[in-house]
J.: 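For reference, the structure I am asking about is given below.
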Amino acid sequence: MSFENICKIDLHLHLDGSVLPETLWELAAAQGVKAPADSLEDYIQYIKVRRNCGSVNSYLEMFDLPVAVMQDFESISRITKELIELLYAQGLSYAEIRFAPQLHTQKNLSQSQAVEAVLHGREAARKTCPDFETGILCCMMCVGTEQANWAENAETVEVCGKYLGKGVVGLDLAGAEGIVPLRNFAPLFKRASELNIPFTCHAGDSQGAETVRDAMDFGAKRIGHGHHIFENPELVERAIKEGIAIEVCPTSNMQCLTQPSYAQHPAKKLLDMGLKVTINTDNMTFAGVNLDDEYRHCLNDMGFTEADLVKLSENSINASFMPESLRTSLLNKLHSMN
């Protein structure tokens, strides 16, 4: 199935979780970074085992190696370019790629330089991927109490504002959920609002619907994952009224056991209720999926229809942080195909 009647859009895609394994292995060897395996083949097997760990926090351990090799301008730029070229080859119409600048400052890069490296890779990919646009999201990180990296997160907000409209399209908060109440990060999102930065926020994945409420109270119009909102019908009703979109990543939810099965995932029910559900990959390499794979799960395992896929595509276009001219163009394209 080619899904030729929809605009394929990935709004929730982590750069460091989507590095080509071959590139990762090559860079680790060149930089003298120790890998958790003795060969590329063993590393690929390590990923296959680790991706089914059943815990979000354990899943996050896979990010150690890519983050370790993404500490210089050239490596970050190359990885960005290769990912965009891969998305283009897969037939996507648009994607938003997110990364945390503060994780790439271990060898003297500043957060601004890390962003510039990603934007350099994005610009290089534009030359080989005509008519394909991507937007960059800068992630703040939850790594402990909110005070553990408050200065770094505050800097991320300012850096995001600095490059907004120059390839950067928005802000996010990622990392481990549940260490501290999400509402503790409210001042950071308040500052983002002052800078007119669009933002999403990881919530309602390994934690319950209350974190989705916190993100909505920040002013988020998109929620990263967000599927546990289903546990609170009143909050679902509020989200529908406010036009909130959720960035569902089905396979990631299975691998981290944040939902018991594809069949029991509430995404289809939420869509039928009127919530703006979108479908995304999360981490292409670590999850071992692309967007076509996720669409097939939607049709074969989650109860979605082909007509639903068109609606999911429309939701993604409308929920994206893309320029209005591109939004209009993609909506016209989608409607002309259906």
Side-chain angles (χ1 to χ4, degrees), residues 1-13 52 54 56 92-93 95-96 200-213 215-216 220-284 287-320 331 334-335 337-338:
M1 189 173 294
S2 62
F3 307 110
E4 292 180 352
N5 67 323
I6 61 175
C7 297
K8 295 194 291 187
I9 293 171
D10 200 333
L11 297 181
H12 192 120
L13 178 62
N52 294 299
V56 172
L92 268 69
S93 297
E96 289 179 0
T200 180
C201 180
H202 280 63
D205 186 22
S206 60
Q207 299 297 299
E210 70 281 355
T211 59
V212 179
R213 178 186 287 107
M216 290 169 59
K221 295 302 182 184
R222 271 170 45 188
I223 308 296
H225 298 290
H227 48 93
H228 281 298
I229 193 175
F230 185 71
E231 300 166 0
N232 189 322
E234 291 183 3
L235 192 59
V236 173
E237 184 177 349
R238 175 188 163 188
I240 293 169
K241 288 180 179 178
E242 295 182 9
I244 304 298
I246 60 171
E247 305 160 359
V248 173
C249 306
T251 296
S252 176
N253 298 159
M254 299 307 105
Q255 293 171 345
C256 296
L257 298 183
T258 57
Q259 288 292 338
S261 68
Y262 289 107
Q264 293 172 272
H265 199 293
K268 166 62 172 169
K269 293 178 181 177
L270 289 167
L271 181 72
D272 289 345
M273 293 167 70
L275 192 65
K276 293 181 178 179
V277 177
T278 71
I279 298 297
N280 313 276
T281 60
D282 203 5
N283 303 287
M284 286 179 56
V289 294
N290 58 37
L291 205 52
D292 282 7
D293 295 324
E294 297 291 43
Y295 288 152
R296 281 189 282 269
H297 284 303
C298 285
L299 292 176
N300 300 331
D301 307 316
M302 299 175 70
F304 288 94
T305 66
E306 291 189 13
D308 288 333
L309 294 191
V310 177
K311 182 61 178 177
L312 292 167
S313 178
E314 182 180 50
N315 287 344
S316 292
I317 295 170
N318 285 324
S320 73
L331 285 172
L334 179 66
H335 294 155
M337 294 187 293
N338 295 278

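Every heavy atom of this structure was used, including side-chain atoms; hydrogens, water molecules and symmetry mates were not.
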J.: How many angstroms lie between CG in Leu271 and CG in Leu309, if you round to the nearest 0.5 Å?
T.: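 Answer for the CG-CG pair, Leu271 versus Leu309, is 10.0 Å.
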J.: Quick one, Leu13 and Asn280 - any side-chain contact, counting heavy atoms below 4.5 Å?
T.: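 Side chain of Leu13 against side chain of Asn280, heavy atoms only: no contact under 4.5 Å found.
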J.: How many angstroms lie between atom OG1 of Thr281 and atom CG of Leu291, to the nearest 0.5 angstrom?
T.: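 That separation rounds to 6.5 Å.
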J.: Tell me, with the steps shown, if Met302 and Lys268 meet side chain to side chain contact (heavy atoms under 4.5 Å, CB included).
T.: CA-CA 7 Å; Met302 299 175 70; Lys268 166 62 172 169; 5.5 Å; no
J.: Is there side-chain contact between Asp10 and Glu294, with heavy atoms separated by less than 4.5 Å?
T.: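 Not touching, per the 4.5 Å side-chain cut-off.
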J.: So, Asp308 side chain and Thr305 main chain: donor-acceptor pair closer than 3.5 Å or not?
T.: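 Checking the backbone N and O of Thr305 against the side chain of Asp308, a donor-acceptor pair under 3.5 Å is found.
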J.: Please report the closest heavy-atom contact between Ser316 and Leu11, naming both atoms and the distance.
T.: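 That closest heavy-atom pairing would be O-CD1, 3.5 Å.
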J.: Taking all non-hydrogen atoms of both residues, which atom of Ile229 and which atom of Ala209 are closest, and how far apart?
T.: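 Closest pair (atom of Ile229, atom of Ala209, distance): CA-CB, 4.0 Å.
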J.: Could you tell me the separation between the CG atom of Asn283 and the OG1 atom of Thr251, rounded to the nearest 0.5 Å?
T.: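 These two atoms lie 11.0 Å from each other.
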J.: Closest heavy-atom contact between Gly204 and Val212?
T.: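 The answer is CA-CG2, 3.6 Å.
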J.: Would you mind reporting whether His228 and Gln259 have side-chain heavy atoms less than 4.5 Å apart?
T.: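 Heavy-atom side-chain distance check passes, below 4.5 Å.
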J.: Hey, does Cys298 have a side-chain heavy atom less than 4.5 Å from the side chain of Ile279?
T.: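 A side-chain contact exists here, since the closest heavy-atom pair is under 4.5 Å.
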J.: If you define the side chain from C-beta out and look only at heavy atoms, does anything of Val289 sit under 4.5 Å from Asp282?
T.: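 The answer is no; the side chains never approach within 4.5 Å.
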J.: Taking NZ, NE, NH1 and NH2 as the nitrogens, is one of them in Glu237 or Lys241 under 4.0 Å from a carboxylate oxygen of the other?
T.: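 Yes.
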J.: Compare every heavy atom of Ala267 with every heavy atom of Val277, then report the nearest pair and how far apart it is.
T.: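 That would be CG2-O, 3.7 Å.
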J.: Side chains of His225 and Ser252, heavy atoms from C-beta outward: is any pair under 4.5 Å?
T.: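 In contact.
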J.: If you compare all heavy atoms of Ala203 against all heavy atoms of Ala215, which two are closest, and at what distance to 0.1 Å?
T.: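 Ala203 and Ala215 have their closest heavy atoms at CB-CB, 4.2 Å.
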J.: Working to the nearest 0.5 Å, report the span between NE2 of His227 and CG of Asn253.
T.: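 Output value for this atom pair is 3.5 Å.
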J.: Walk me through whether Glu314 and Lys311 qualify under salt bridge (Lys or Arg N to Asp or Glu O under 4.0 Å).
T.: CA-CA 5 Å; Glu314 182 180 50; Lys311 182 61 178 177; 3.2 Å; yes
J.: Looking at Lys276, I'd like to know if its NZ atom is crowded, meaning that more than 12 non-hydrogen atoms belonging to other residues, nucleotides or ligands lie closer than 6.0 Å.
T.: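 No, the 6.0 Å shell around NZ holds no more than 12 heavy atoms from other groups.
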J.: Could you grab the distance from atom CG of Asn338 to atom CD1 of Ile6, nearest 0.5 Å is fine?
T.: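 It comes to 8.5 Å.
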J.: Between Leu299 and Phe3, is there a side-chain heavy-atom distance shorter than 4.5 Å?
T.: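 Sidechains of Leu299 and Phe3: in contact.
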J.: Would you give the length of the straight line joining atom CG of Asn315 to atom CD1 of Ile9, rounded to the nearest 0.5 angstrom?
T.: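 Answer rounded to 0.5 Å: 10.5 Å.
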J.: Does a salt bridge link Arg296 with Asp293, judged by any charged N lying under 4.0 Å from a carboxylate O?
T.: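 Yes, charged N to carboxylate O under 4.0 Å.
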J.: Looking only at heavy atoms, which two atoms of Asn52 and Gln255 are closest? And how far apart?
T.: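 Closest approach of Asn52 to Gln255: OD1-CG, 3.8 Å.
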J.: Does Glu247 have any side chain to side chain donor-acceptor pair (under 3.5 Å) partners at least two apart in sequence or in another chain, and if so, which?
T.: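 If we apply the side chain to side chain donor-acceptor pair (under 3.5 Å) test to Glu247, skipping adjacent residues, the hits are His12, Arg98, Thr200, Arg222.
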J.: Does CD in Gln264 sit with more than 12 non-hydrogen atoms of other residues, nucleotides or ligands closer than 6.0 Å?
T.: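 Count over threshold, so yes.
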